[in-house]
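Below is one structure, written out as structure tokens; the observations come after it.
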Amino acid sequence: MASTGGARVMTVQELASALVAPDVPTQYVVRGHNDQQLSAAVMAPVPVIDLRRLLKQDGTGDEAAKLRSALDSWGLILVSNHGVDTAVMDDMRAASREFFRQPLGEKQRYTNLVGGEQFQFEGYGNDRVNSPDQILDWTDRLYLKVEPEDERCMAIWPAHPHTFSDALHEFTKKCGGVKDGLLRAMAKLLELDDDDYLVDQLGERPSTHARCSYYPECPRPELVFGLKPHSDGTVVTVLMVDDTVGGLQVLRDGVWWDVPVVPQTLLVIIGDQTQIMSNGIFKSPVHRVVTNAKKERISVALDYSVDPEREIEPLAQLVNENRPALYRKVKVKDYIAGHYNHFSQGEILIDTVQM
């Protein structure tokens, strides 16, 4: 549910159920659209990286070459043999789907509106509305801090379904290994002194947030974003997309490409924090989610970030006379706050921290 600082606004799930005409409210309609803007794109040839094989190599094997090519071309990869059991993924997906099927009153127990008005990032609902001309996304989400574990606010972790908390805990634990393994492989590609260099940059208390997103059917998918174009303000995002319904698209050279759905893989997206620390060698891709007229869509993402009290800047080993620092030093918690404000206005924050 979006907050305008007043009465509660309908969730998108409520809105989709209540619509009686093939139309949507104007605040969801993309301005300046054309009939092709949100239509099907070309399928992106994003490679599938075998993580088990990748981690056995020294940074020069076939999987490492595929990783380098994918990061250079797309800024995202699909990962197989990632060590997250099929049962763990299925349980997390099922728990998320069941949560969104709960009656509205049950879900509102975990609202992101304190007292029905004051917006907080964690909880169930939609984005804060910062201005009357803000374009809203056709999605409801449950956003929860999962790491550090002692900062979890269990009062807004759903009690129903009863499997939810255990499923999210296990999914988070397993995906942490995927994140660390890929950061080590990326450190090798960057030829850093230590394979753990990027992992160590996360700091003493890095933060991880889980984002369970529900995209209802939309009667006018050619007019409405499920999630507006943006880059992620993270180090990396590990994403379990719906295994039957596509919708994620990535921008490359001015063209939108569909990201393929490959069952039992995880999608990993490079975030702005990695782009800054790698001095622009690894880029955070602009991506979006389009809507579907006939099918709902569920996804579960883990957003990994450097300790919010730390500052980040291009790593010293990646700055020289031929490649000066491209980004200024930023405090992580300030960057994340700014990223949200820019996202709500459809703007890309990383463009503002270039030297």
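This is a predicted model, so every value here is computed, not measured. Only heavy atoms go into these numbers, but all of them, side chains included; no hydrogens, no water, no symmetry mates.
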Ring pair (Phe, Tyr, Trp, His ring centres under 6.0 Å) against [X], all qualifying residues, sequence neighbours excluded:
| X | value |
| --- | --- |
| F100 | Y214 |
| Y143 | H209 |
| Y304 | none |
| F99 | Y124 |

The complete set of ring-ring contact (aromatic ring centres under 6.0 Å, His included) pairs with one or both residues in residues 266-299, sequence neighbours excluded, reads H230-H287

Just jot down the side chain to side chain donor-acceptor pair (under 3.5 Å) partners of [X], sequence neighbours excluded, or say none.
| X | answer |
| --- | --- |
| H82 | none |
| S284 | D272 |
| T234 | T237 |
| R205 | D150, E151 |

Listing, residues 161-169 side-chain donor-acceptor contacts under 3.5 Å, not counting sequence neighbours, or none:
unit_1: H169; atom_1: ND1; unit_2: R152; atom_2: NH1; d: 3.1
unit_1: H169; atom_1: ND1; unit_2: R152; atom_2: NH2; d: 3.3

For a quick test of your reading: what N or O donor-acceptor pairs under 3.5 Å do the side chains of residues 177-186 make, sequence neighbours left out?
unit_1: R184; atom_1: NE; unit_2: D196; atom_2: OD1; d: 2.5
unit_1: R184; atom_1: NH2; unit_2: D196; atom_2: OD1; d: 3.4

Taking everything shown except R52 itself, do over 12 heavy atoms lie less than 6.0 Å from its CZ?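 Count not over threshold, so no.
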
Could you tell me if Y327 and Q275 have a donor-acceptor pair between their side chains, going purely by distance under 3.5 Å? yes

Which residue pairs pass the side-chain hydrogen bond (donor to acceptor under 3.5 Å, both in side chains) test with at least one member in residues 68-81, sequence neighbours excluded?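 Qualifying pairs, neighbours excluded: D50-N81.
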
